[in-house]
Amino acid sequence: MTKKNDTTEATGATEEREARPVGLGVVGWLRWGWRTLTSMRTALILLFLFALGSVPGSIYPQRSVDPGRVAQYFQNSPTEAKWLDRFWMFDVFTSPWFAAIYLLLFLSLAGCVFPRAVAHFKELRRKPPAAPRNLHRLPQNAAFDGDLTVEEAAARLRRDRFRVVTGPDWVAAEKGYLRETGNLLFHVSLLALLFAVGAGALFGYRGNVLVVEGEGFSNTVAAYDRFMPGQQVSAESLQPFSFTVKDFQATYIASGEKRGQPLDYSATLSVQDTPTSRPRDVELKVNEPLDVNGTLTYLLGHGYAPTFKVVDGKGNTAFEGPVPCLAGDQMTYTSECVIKAPDAQPDQLGFLIRFLPTTVPNGKAWVSIFPGAANPTVQIFPFSGDLGLKSGQPQSVYQLDTKSLKPLGKMSADPTPLNVGDTKELADGAGSIQFTGVKEWISLQTAYDPGRLPALIAAALAVIGLVLSLTVQRRRVWVRVKGRQVTVGGLTRTEGGGAGFAEEFAEILTKLRGAAPAEPSGHSQPEDRSEDASASDREPVSPSTRSSEE
Amino acid sequence: MPPAQVNEGLATLSDQLILVTVLLYLAAMIAYALELAFGRARTAVAPAKSRRLVAVGAGAGSSAPAESAEEDASSATPVPPAGWALKAGAAAVVVSWLGWATNLGGILTRGIAVDRWPWGNMYEFVVALCFASVTVFLVLLTRQPIRFLGAFVTVAAALGLGFAVLFLHVQAGPVMPALNSYWIAIHVTAAVIAGGLFLVSGVSAVLYLVRNDGRLSVLPSKEQLDRIAHRAIVIGFPIWTFAVIAGALWADRAWGRYWGWDPKEVWSFITWIAYAAYLHARATAGWRGKAAMIVSLVAFGCLLFNLVGVNIFFSGLHSYADVPK
């Protein structure tokens with residue numbers, strides 16, 4: 001935070017140096033560079049750049065967040081996308097220029113924090129400075145008569161957790177060292193946070209997978225649909241757990257203005273922590289991930305997977321099982337999917353499927369009106385020909401390339417939907433397709449991040465440090481005892497903290513005075529006031545920290 | 001699992017209470033403005049209020065007599081304030097407390113009607129944010145003479161509520177499964193409180209830039225405005241930090257990573273950096289004063305964009321804010 005006084009001076013020194021860095025030699029240049037880098041002004045500029053650099057990360061789709069939308073951007077405006085990509089606009093937070101900003105910032109931070117930590121350490125071991133001669137010149141001051149001894153004053157201040165030094169007729173007390181401690185703790189914690197995040201990225205991994213009800217998953221690299229490992233992750237280091245999805249339930253609001261809004265998702269898994277351990281049942285919910293020894297599995301999404309049986313023209317079963325469909329509209333869950341039956345004879349068969357979970361007729365068409373599967377039907381668009389799988393080009397399982405396929409029978413935009421159990425005979429004796437049932441799929445994310453806990457600890461320490469550095473004030477109090485006359489002076493070393501300190505000083509005064517036998521309290525005031533007024537003439541102090549009346 | 005049942009009667013009552021709140025805040029704003037316009041003017045050279053504040057604080061515990069402070073304040077006043085203007089100011093405070101109460105009532109009835117924490121969508125969030133800023137102002141007012149801020153805070157709250165009622169209102173109902181977590185109480189509450197504090201500091205910062213030192217003005221000195229803005233940020237910044245960390249903890253529970261550069265995360269990060277920059281700027285020679293104030297306003301702009309703009313302009317994981325289309 002506040003590099004305050006000392007750095008303000010350092011900045012001034014830097015400016016002088018900056019004026020003529022020529023002819024300094026290599027060492028001089030290095031020193032100049034280091035000073036400039038660790039100066040407050042540079043830190044401020046780097047902070048601004050850091051914030052500014054994050055902005056494109058929110059404007060453009062990011063590969064790390066949503067690779068699908070990046071691909072779409074490339075499709076829609078290829079030239080623009082190409083140029084944006086050259087400046088890492090789709091990978092802002094892993095780009096070299098972003099790394100340059102935060103590495104410089106953290107270097108600047110380290111260059112400032114460590115010398116200050118050393119200075120603070122020395123300061124912690126130093127004693128409070130001796131009392132100045134004229135305590136009434138201090139921003140806070142008072143005088144009274146009493147039997148207060150130096151020892152008693154010191155004891156009372158110690159009880160207030162001041163650090164105290166005494167002289168023959170004076171007491172010097174200081175407290176509030178926690179401010180700088182907190183300040184340093186905050187900045188060091190930020191450095192630790194950066195390392196924790198970095199470690200997590202190196203040694204952790206994330207993976208996505210889609211599992212249909214009744215099917216299983218085991219935590220191996222091959223089982224994932226998408227696997228994003230850190231650089232230091234090997235295939236063997238994955239936690240060897242596995243599970244079967246026994247059931248998935250989604251509930252929705254059934255009526256009213258918000259009909260169709262999801263209320264709750266819940267999946268029941270049968271989990272084996274290791275291949276030899278006994279299976280246990282776990283309920284997986286959106287905010288309640290599955291935890292297997294620090295590897296967490298999250299429920300991210302869901303959808304329908306209608307099951308089909310395809311029989312080809314020769315009477316052989318060419319396909320049988322569930323087909324995951326992607327929902328286009330969350331409020332009706334009208335979903336689409338594709339069946340590819342490359343083994344069908346005599347020709348390969350392909351089907352476009354539209355799944356309607358709650359089907360109602362709408363004129364001559366059919367629509368779904370609710371995301372729950374109250375009246376599930378499918379509309380089938382059959383094709384035959386070459387599925388294009390032999391070309392070696394990777395294909396999406398959700399898309400059917402109809403280029404070298406021909407529609408079977410008369411294509412209609414809204415074919416009569418099939419109910420569960422219905423069979424559709426294909427034209428030209430190509431076979432048949434039966435809608436055998438409805439299952440649901442869930443999409444899961446598995447994440448292992450060893451940096452999570454260190455990051456949390458660092459963040460918590462940062463908050464503690466921040467609160468300390470913003471609330472604690474460094475303040476000094478001196479007491480001088482001359483016979484029965486006691487003068488007390490105090491100041492806060494935190495600029496702008498005068499208002500709060502005035503109250504505290506008054507309290508300290510009451511405590512010190514409590515030691516002396518009761519005195520007519522009005523006695524010292526006239527004197528106090530006149531001295532105060534004269535002090536203000538000589539020494540301008542900001543009005544907020546002045547104790548009282550002019 | 002949350003019940004799908006909504007108590008319609010209470011939900012309607014909540015909507016009506018919020019409308020009443022808008023009217024009360026507007027009435028309070030007018031009364032505050034009357035006091036500002038016809039009350040006494042202050043000079044920049046003698047910051048009467050700040051001095052009185054300190055004097056009273058010191059006088060409470062030490063030997064300083066409080067009467068001299070009173071004299072002091074009145075002697076620094078060139079024009080004696082009109083009595084009715086002061087009454088208008090007092091009435092404004094009463095009316096804003098009434099508005100505060102109906103605002104609280106609106107939030108509570110909505111929460112009870114849907115049986116969950118009442119900040120699950122944009123509408124509810126903005127209502128809570130306005131409530132938080134008025135709360136911050138009223139609480140500060142019990143400790144410091146900052147009545148001059150009243151007109152600006154209440155007008156901001158009235159505009160915010162009006163915007164929420166006109167453009168963001170959605171029927172009371174249960175939230176998405178992702179929001180169904182105890183973290184909503186922690187994360188969103190912290191964000192709302194920090195937002196309220198930042199709004200008060202933002203208002204002070206605008207007044208700081210408007211205030212022309214050396215002229216008579218109904219506004220307090222720049223120094224005092226600077227102190228209020230700084231104080232609010234000093235309290236708000238750790239709370240905002242906590243809100244971001246709580247959000248990261250929730251994201252770790254819900255989405256499988258604690259930080260993923262979702263647009264909302266990006267902008268709360270930017271807001272955090274900007275307020276950090278303000279705190280650094282205020283402690284740096286050459287940046288204190290106007291420059292630091294401008295930085296704090298930039299930060300406040302980032303905050304507003306984060307709380308409102310991101311939900312409207314970007315799609316991301318936080319986009320379940322349920323903004324009516």
Side-chain angles (χ1 to χ4, degrees), chain A residues 1-4 8 11 40-41 43-44 47-48 50-51 54-55 57-58 62 64-65 93 142 197 206 251 253-254 257-258 261-265 286-287 289 296 298 445 447 449 452 455-456 459 462-463 466-467 470 496 499 502-503 506-507 509-510 521 524-525 528 543-544 546-549, chain B residues 1-2 4 47 50-51 53-55 57-64 68-69 72 171 173-174 176-178 180-181 183 223 227 230 234 237-238 241-242 245 248-249 252-263 266-267 269-270 273-274 276-277 279-281 283-285 287 302 310 314:
Chain A
M1 205 73 343
T2 48
K3 301 189 181 182
K4 225 153 271 171
T8 328
T11 320
M40 189 66 146
R41 202 173 37 172
L44 261 175
L47 269 176
F48 281 127
F50 201 14
S54 324
V55 175
S58 69
Q62 298 295 297
S64 58
V65 178
F93 302 104
V197 172
R206 281 201 288 151
T251 42
I253 298 178
E257 194 181 300
K258 288 177 176 243
Q261 185 196 305
L263 276 174
D264 192 42
Y265 304 128
V286 174
N287 277 302
L296 293 145
Y298 300 81
Q445 169 160 292
D449 185 346
R452 287 164 73 231
L456 176 62
V463 172
L466 186 63
V467 170
L470 289 177
E503 283 164 38
E507 273 166 37
L509 208 59
T510 320
S521 63
S524 64
Q525 273 169 15
D528 187 13
S544 65
R546 290 225 53 93
S547 69
S548 58
E549 61 282 343
Chain B
M1 207 191 87
S50 75
R51 190 181 307 157
L53 167 73
V54 176
S62 77
S63 50
S68 74
D72 194 46
Q171 214 63 44
M176 316 281 292
N180 185 16
S181 161
W183 279 109
E223 190 189 277
R227 212 169 50 236
H230 180 244
V234 158
F237 185 65
T241 313
F242 174 77
I245 293 171
L249 283 164
D252 187 56
R253 288 297 287 173
W255 301 326
R257 81 291 182 295
Y258 55 85
W259 196 265
W261 299 111
D262 177 72
V266 172
W267 278 94
F269 172 75
I270 293 172
I273 295 273
L279 287 172
H280 281 91
T284 308
W287 281 77
C302 294
V310 168
F314 299 133

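Every heavy atom of this structure was used, including side-chain atoms; hydrogens, water molecules and symmetry mates were not. Labels below follow one simple rule: chain letters A, B, ... track the order of the sequence lines, proteins then strands, and each chain is numbered from 1.
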What part of [X] gets within 4.5 angstrom of chain B, counting heavy atoms only: side chain, backbone, both, or neither?
X: Ala455(A); answer: side chain
X: Gln62(A); answer: neither
X: Asn287(A); answer: both

Can you tell me how far CZ of Arg41(A) sits from CH2 of Trp287(B), rounded to the nearest 0.5 angstrom?
9.0 Å
Which value, rounded to the nearest 0.5 Å, describes the distance between Arg257(B) atom CZ and Tyr298(A) atom OH?
10.0 Å
Would you check if [X] and [Y] make a side-chain contact, meaning some heavy-atom pair closer than 4.5 Å?
X: Val286(A); Y: Asn180(B); answer: no
X: Ile270(B); Y: Phe50(A); answer: no
X: Tyr258(B); Y: Leu456(A); answer: no

Is it the backbone or the side chain of Trp183(B) that comes under 4.5 Å from a heavy atom of chain A, or both, or neither?
neither
Nearest non-hydrogen partners of [X] and [Y], listed with the distance:
X: Pro289(A); Y: Arg253(B); result: CD-O, 3.5 Å
X: Phe93(A); Y: Val266(B); result: CZ-CG2, 3.6 Å
X: Val463(A); Y: Thr241(B); result: CG2-CG2, 3.9 Å
X: Ala51(A); Y: Ile273(B); result: CB-CG2, 3.7 Å
X: Ala277(B); Y: Leu47(A); result: CA-CD1, 3.9 Å

Would you check, one step at a time, whether the test side chain to side chain contact (heavy atoms under 4.5 Å, CB included) holds for Val197(A) with Trp259(B)?
CA-CA 9 Å; Val197(A) 172; Trp259(B) 196 265; over 6 Å; no
Applying side chain to side chain donor-acceptor pair (under 3.5 Å), run through Ser64(A) and Trp261(B) and close with a yes or a no.
CA-CA 9 Å; Ser64(A) 58; Trp261(B) 299 111; over 6 Å; no
With a 4.5 Å cut-off on heavy-atom pairs, point out which of Gly260(B), Pro238(B), Cys302(B), Gly256(B) contacts chain A the most.
Gly256(B)
